[in-house]
2 protein chains.
Amino acid sequence: MRSRIEDVAAAAGVSMKTVSRVLNNEPNVRDITRERVMRAVEQLQYKPNLSARSLAGQRSCVVALVYNNPSRNYLMEIQNGMLEACRANHYNLVLGPVGSGTQRAADIKGLFEYFGPDGVVLIPPLTDDPVVLAYLQEHGVPFACIAPREPQNHIGVMMEETAAVVELVAGLIALGHRRIGHIKGPRAHGACQWRYAGYRQALRTAGLAYDPRLVVQGEFSFESGMQGANRLLDLPDPPTAIFAANDDMAAGVIRAAGERGVSVPRELSVCGFDDTPIASHIYPALTTVRQPTSEMGRLATLELLDRIRTPDGGRMVHVQHTLLFRDSTRAPAH
Amino acid sequence: MRSRIEDVAAAAGVSMKTVSRVLNNEPNVRDITRERVMRAVEQLQYKPNLSARSLAGQRSCVVALVYNNPSRNYLMEIQNGMLEACRANHYNLVLGPVGSGTQRAADIKGLFEYFGPDGVVLIPPLTDDPVVLAYLQEHGVPFACIAPREPQNHIGVMMEETAAVVELVAGLIALGHRRIGHIKGPRAHGACQWRYAGYRQALRTAGLAYDPRLVVQGEFSFESGMQGANRLLDLPDPPTAIFAANDDMAAGVIRAAGERGVSVPRELSVCGFDDTPIASHIYPALTTVRQPTSEMGRLATLELLDRIRTPDGGRMVHVQHTLLFRDSTRAPAH
DNA sequence: TTGTAAGCGTTATCAG
DNA sequence: CTGATAACGCTTACAA
């Protein structure tokens, strides 16, 4: 049979409460006592019963990852990072997919009624969702945001996306490109505004005029990348380079170019954002920006746990990007 | 405050135990009583407390997905399917990544000590892992397998992979291909033996000789697909078509061909297996076999829950494959 | 610094 | 068929 806290107490010659104090890192225990308890825990291979702990402690020891439509790869990376942080802190991770439209309010309500997570991590595009944010704030649920549009109001993790894109587009300009197209991400994603801002800023810095015809709206999907590319390449004066706001769309651009007989990178340079596996698996390999996504999941969870444990704990952490110039970009033809 | 079972009992004018009986679909409750209780549950918006239930009921209401190194897309699909089945049955899903080598025994032990899942779903390559299977059997833990090498001994889900590959390779032969290469998946994956068997069977049926030089070992990775393709294309008499045991390797084949100036599908036909997103996002789009992966996760979970609830419950479910002939295959050049 | 006793919200036992 | 009462293993008062 599995050992209980009572057995540990007996073995260490102390009371249950003292064992509980040691296990929860509470103060007011002498070091000697603490050690004695730890030894008993070791010997008996004691593992706390999570259900009992939750029931008595009126907390769930659960954090939820709440999401809606993210790219599978992105979600998987975030999830892995969160899992790591959860395990290290004896928390459990619950997945909280929510539907769209009116469904999402009901879904998040159900998640809380059922699992009662002690806190929540939000990823785009839900990071900026007013319905979800309102629910969490009203119910006083601690939450951490990944890549929110308004970082100053929240705790969580972010990357300087604008700066990253400025560097990326400046790289294209340095190669000699003067007409650079952009395929935007969906409006609901706050991050896409940062990426668009970086595109414009890079042009401005280089003294290049902004041509609105070179900017088209995408939806982050491969197909929307193809459509966007076709629109841009149909222009009387088409761009020599296209920056798509994510890798899936950039892959769509490469595919569309291939189908039109436009050679990448000889006749068209393409770059994306995220460095998902597809970026290095398509031909030619994609120039893109790498986010430390898994690390962002881990850090967001850490900040969330901080906030859970202390009312004003947690802050907005910044992580670094990495530019990856690969085979899909080159100096323009002439 | 959240309503408890006691409140429901009071509202319905019955005892707590009777409410519990109704909630757990236990027998020995009159229909009238049952209805009365249900109405009270509705009115009070009663939701059971999971921790209390686990503590008292000596079960965790948790099923674990135990995995090791699968493709991210595959894992994500399985996970989604499991999540659906778990939610529908008021079970919680816990992710159980395990390391390799000696680590995996410790990891799975830790998973059980910590979460005590009521059952486990195994996916390749862990489905066939003797260490993991031994642990589960010794501890009497119910488990379901996805795509196991020895389906007759387990409950879970499988697809007729051999038959699928026979159809696929027969398709290549029908196009006129006579020298067809194969890049195998890792040995630890039982499924790869089925795929290899299908390749050989299709050749045999068509009366084509088996040439061992046309079969190379891969590791399911994009890179190993590139390596395998290079080895096959370096042969004095290279194949006109290559069947890679999964899509990532097939994508690697296309990339390697591109880098050598070999045109796909004009000079080389390529096909994969799984229909992951990359299959439709690379250029040319990949001919492949679709598995209903998410559905497999869902079905495996249902069989597992059946087995958890009744000692001999659960069986090996078969699911259908779908052949997808796309742009990466064509009749050979001459 | 430590211990005692009373819950936490269910399910299981066993009696009606 | 139904109900009172004792677990389940832990934490939180409160006492010492």
Side-chain angles (χ1 to χ4, degrees), chain A residues 1-38 40-41 44-62 90-92 112-116 118 308-309, chain B residues 1-38 40-41 44-62 90-92 112-116 118 308-309:
Chain A
M1 201 49 195
R2 212 177 150 128
S3 56
R4 299 155 305 158
I5 206 170
E6 194 179 337
D7 306 325
V8 176
V14 297
S15 74
M16 280 168 58
K17 178 60 213 178
T18 300
V19 176
S20 175
R21 282 198 182 89
V22 172
L23 261 33
N24 293 289
N25 282 317
E26 285 174 33
N28 297 336
V29 181
R30 272 199 312 212
D31 284 354
I32 306 179
T33 316
R34 193 177 292 272
E35 272 179 36
R36 201 139 43 95
V37 170
M38 291 306 270
V41 166
L44 294 176
Q45 291 263 44
Y46 170 77
K47 311 280 175 204
N49 178 313
L50 289 161
S51 302
R53 180 175 273 187
S54 300
L55 183 58
Q58 36 225 30
R59 62 197 165 134
S60 60
C61 294
V62 158
H90 296 289
Y91 261 75
N92 192 359
F112 273 87
E113 287 174 345
Y114 200 67
F115 293 109
D118 295 334
I308 288 173
R309 295 199 253 248
Chain B
M1 199 51 194
R2 215 179 148 128
S3 56
R4 299 156 303 159
I5 207 169
E6 194 180 337
D7 305 326
V8 177
V14 299
S15 73
M16 282 167 57
K17 179 62 208 176
T18 299
V19 177
S20 175
R21 282 198 182 91
V22 172
L23 261 32
N24 294 287
N25 284 316
E26 285 173 36
N28 297 335
V29 182
R30 271 197 314 211
D31 283 356
I32 305 180
T33 316
R34 194 176 292 272
E35 271 179 38
R36 203 139 42 96
V37 170
M38 291 306 269
V41 166
L44 295 176
Q45 290 264 44
Y46 169 76
K47 311 282 174 201
N49 178 312
L50 289 160
S51 302
R53 181 175 273 186
S54 300
L55 183 58
Q58 38 224 29
R59 64 196 165 134
S60 60
C61 295
V62 159
H90 296 289
Y91 262 75
N92 192 0
F112 273 87
E113 287 175 345
Y114 200 69
F115 293 109
D118 295 335
I308 288 172
R309 295 198 253 248

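The sequence lines fix the lettering, A, B, ..., with proteins before strands; numbering per chain opens at 1.
Overall, the helix from C:dT1-D:dA16 to C:dG16-D:dC1 carries an axis bend of 30° between its ends, with five pairs at each end and the value rounded to 10°.
Atom C1' of nucleotide C:dG9 and atom CG of B:N24 are separated by 13 Å, given to the nearest angstrom. Spacing between atom CG of A:L50 and atom C1' of C:dC8 amounts to 16 Å, rounded to whole angstrom units. Atoms CG (B:N49) and P (D:dG9) sit 16 Å apart, rounded to a whole Å. Atom CD of B:E6 is separated from atom C1' of C:dT10 by 11 Å (rounded to the nearest Å). If you take CD1 of A:I5 and P of C:dT2, they are 15 Å apart, rounded to a whole angstrom. If you take CZ of B:R2 and P of C:dC8, they are 15 Å apart, rounded to a whole angstrom. In this entry the distance linking CG of A:L23 with C1' of D:dT12 reads 15 Å, nearest Å. Atom NZ of B:K47 and atom P of C:dC8 are 22 Å apart (whole Å).
Using a 4.0 Å heavy-atom criterion, one finds that B:P48 contacts the sugar-phosphate atoms exclusively.
With no hydrogens or angles considered, a side-chain donor-acceptor pair links A:S15 and A:T18 at under 3.5 Å.
A close approach under 4.0 Å does occur between a side-chain nitrogen or oxygen of A:R30 and OP1 or OP2 of C:dT2. When the side-chain nitrogen and oxygen atoms of B:R53 are compared with OP1 and OP2 of C:dT11, one or more of them lie within a distance under 4.0 Å.
With rounding to the nearest 0.5 angstrom, the CD atom of A:E26 is 9.5 Å from the CZ atom of A:R34. One finds the OH atom of B:Y91 at 6.0 Å from the CZ atom of B:R59 (value rounded to the nearest 0.5 Å). Put simply, CZ on A:R53 and CD1 on A:I5 are 8.0 Å apart, with the number rounded to the nearest 0.5 Å. Here OG of B:S54 is found 12.5 Å from CZ of B:F115. Values are rounded to the nearest 0.5 Å. The structure places CG of B:N25 at 9.0 Å from CZ of B:R309, a figure rounded to the nearest 0.5 Å. Taken from CG in B:D31 to CD in B:E35, the straight-line distance is 7.0 Å, to the nearest 0.5 Å.
The side chain of B:S15 lies closest to D:dA4, out of D:dA4, C:dG3, D:dC10. The side chain of B:N28 sits closest to D:dT2 out of C:dT1, C:dG3, D:dT2.
Heavy atoms of other residues, nucleotides or ligands lying less than 6.0 angstrom from CD of B:E6 number 12 at most.
Panel note: side chain B:D118, backbone B:C61; a donor-acceptor pair is recorded below 3.5 Å.
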Where do N or O atoms of nucleotides 12-16 of chain C meet protein N or O atoms at under 3.5 Å, pair by pair?
| from | atom 1 | to | atom 2 | distance (Å) |
| --- | --- | --- | --- | --- |
| C:dA12 | N7 | B:K17 | NZ | 3.3 |

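Each of B:L55 and B:T33 was matched to the nucleotide of DNA chain D holding its nearest heavy atom; the match closer to the 5' end belongs to B:T33.
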